[in-house]
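Here's the structure we're looking at; comments come further down.
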Amino acid sequence: MPEIFVARSEDLPEGGRVFVTANGNQIGVVRAKGQLHAYLNICPHQGGPVCEGLMVHRVEEIIAEDKTYQGMRFSEDDLHIVCPWHGWEFNIETGRCAGDGQHGLKRFRTEERADGIYVVV
Amino acid sequence: MLFRSSTPAFDMNIEGFHTGQHLANARKQADMRGLDDVLVVDVDCHHYETDNFAEILEYIEDPSLKQVALNTYAYKGPSAVLYDQPGYQDLGGRVTRYLERKGEKIPEDGRPREVAQTLRWMDALSVDYACLFPTPMLFLGLHPQPEVEVNMARAYNRWITDNILPANKRLRSMLYLPFNDPDATYRMVQEYGKKDGVIGFMVVSTRYKPVYDNAYMKTYALLEEMGLPLSFHASYHWNDQLVSLTNRFITAHAVGFTFFNAVHCANWVVNGLPERFPKLKVIWIESGLAWIPWLMQRLDNDYRMRTSEAPALKRLPSEYMRDMYYTTQPMEMVNNHKALELTFEMINADTQLLYSSDYPHWDMDLPSTIWDLPFLSEQSKRNILGLNAKRIFGLDVSDRFPENHGRAASPLVDTWRQDVVPAE
Ligand code: FES
């Protein structure tokens, strides 16, 4: 499987992102939650540049014991990447659509070695 | 521009926004489908008139209102002159172009910047002709002062016909009607109906004026005589009493954008307006499609029990609705594909449906959403994407009309299955 050089490790810090081109299409590589994630920069909804979107934690509701609504907060665990065209959200670790758990991003394997980060295409 | 995230580690800074780059994937999709060879007419898309607000306010005819509007705008911004409301169309910064497009660099060429900005997205989406509408003015139907709607409509219409429509033949508009004032509405059609680039008139449906009021009959008659379509553009208002029961924008939008159009459409049919104005072309814009079969079934079911309350009708309500026109966006592309196919069948989509993107708004639809529908013939796709609009607006498309059509192998994304299709 061919590999494409992405960046030196220090050039892709937590929260950062780098784009590479493979077979004419862009792949976005991000470092989030201490891991590398590489996805095709095409959203399954209508094809938007999903990897260019905001990374933001999942919003959750606070429901008390007595079933009353107490407000909203950000999840401390689940981080999403949001496609900027219409707002579909995807779990950064699984690439699954947060809204339906069905549709997903196309994921690529990454390698991080002493000389830098590679994506396997 | 800084976009705040849930934690500072994920705050995002975007510089140098360019509409063409934002839509680079759309351009690729269009190429893969050969859409440049297909006539695409976008019947509903928007610009932000507030980008040129000071200039538009200078067009207000009433001197005292103009003086107030200019000074109010200077200290409070456009929202205080129009009728703004709470809302988060941009999903709290998740749909980034709302903020970014304001700072987009457009080379100065003496034309208002939205001419070049609009052509950028049209080229990316492979749209040949676009019917432009304003954005914040879509809330004016609920402004407590009808004279503000009248004056803003007149100022905007004069500004757009002086500055935007003459700038490029690809830009058209159905002009805003100040519907809360029936006489001003009539005058608008008289004065502006024959202006270059004007292809019809538009009523924002979010308002409390019933379409069956006798005061509007002369306007409908005039539009029918001039062969100009009348469209009803949906919007919402979170302060509307019914919509204010909702506590999330998703609900306000899903309900609000369909509700007013459904009510006006039901009134239109039940009062027999299609019998009075059989040649008037009526278009329902931006309510999606799912409400149409719902209303058809409700009205047909009731009509046979309560025929005496709709004595003008000679056919079933749904048959009149099938003679009307509808724009596609926001098309309900959900997990029950059969529902959409049946909807297309029930509304005679082949001849009645008109593609619309609603760009740049958050729920915009690309032409590929129509092109990828597996239950349509290629001819139907061409009808919906452009030929139906060409017919009902009588558009001269000779400068861009396609000669040939082709189709490439990999469409990149299948908007029907909502799946990525990797390129070969
Ligand atoms: S294309 Fe990604 S959300 Fe629509």
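Protein chains get the first letters and strands the later ones, always in sequence-line order, with residue 1 at the start of each.
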Please classify the contact of B/Leu91 with chain A as side chain, backbone, both or neither, using a heavy-atom distance under 4.5 Å.
side chain
With a 4.0 Å cut-off on N to O distance, would you call B/Arg27 and B/Asp36 a salt bridge?
yes
Top contributor to chain A contacts, counting heavy-atom pairs under 4.5 Å, from B/Met364, B/Arg97, B/Gln29:
B/Met364
Pair B/Asp372 + B/Arg33, salt bridge at N-O below 4.0 Å:
yes
Give, as side chain, backbone, both or neither, the part of A/Cys97 having an atom under 4.5 angstrom from any heavy atom of chain B.
neither
Looking only at heavy atoms and a cut-off of under 4.5 Å, which of A/Pro84, A/Gly15, A/Gly16, A/Pro49 has the most pairs with chain B?
A/Pro84
Strictly below 4.0 Å, N to O, side chains only: are B/Lys105 and B/Glu15 in salt-bridge contact?
no
Per-residue contact mode, A/Tyr69 against chain B (heavy atom under 4.5 angstrom)
side chain
Does A/Glu89 come within less than 4.0 Å of A/Arg58, counting only side-chain N to carboxylate O?
no
A/Glu61 bridged to B/Arg248 by N-O distance under 4.0 Å:
yes
Applying ring-ring contact (aromatic ring centres under 6.0 Å, His included), run through B/Trp238 and B/His253 and close with a yes or a no.
CA-CA 9 Å; B/Trp238 215 338; B/His253 178 264; over 10 Å; no
Heavy-atom pairs under 4.5 Å with chain A: which of B/Arg94, B/His361, B/Met12 has the most?
B/Arg94
What residue, out of A/Gln46, A/Gln26, A/His103, A/Met55, has the most heavy-atom pairs lying under 4.5 Å from chain B?
A/Gln46
May I ask you to say whether A/Lys106 pairs ionically with B/Asp419, meaning some side-chain N is under 4.0 Å from a carboxylate O?
no
Between B/Met333 and chain A, with a heavy-atom cut-off of 4.5 Å, which part of the residue counts as in contact: side chain, backbone, both or neither?
side chain
Go through A/His86 and B/Trp362 one step at a time and tell me if the ring-ring contact (aromatic ring centres under 6.0 Å, His included) criterion holds.
CA-CA 5 Å; A/His86 310 89; B/Trp362 62 280; 8.2 Å; no
Quick one: what part of B/Asp414 sits under 4.5 Å from any heavy atom of chain A, side chain, backbone, both or neither?
backbone
So, the part of A/Leu105 with a heavy atom under 4.5 Å from chain B: the answer is neither
Is chain A contacted by the side chain of B/Thr369, its backbone, both, or neither, given a heavy-atom distance below 4.5 Å?
side chain
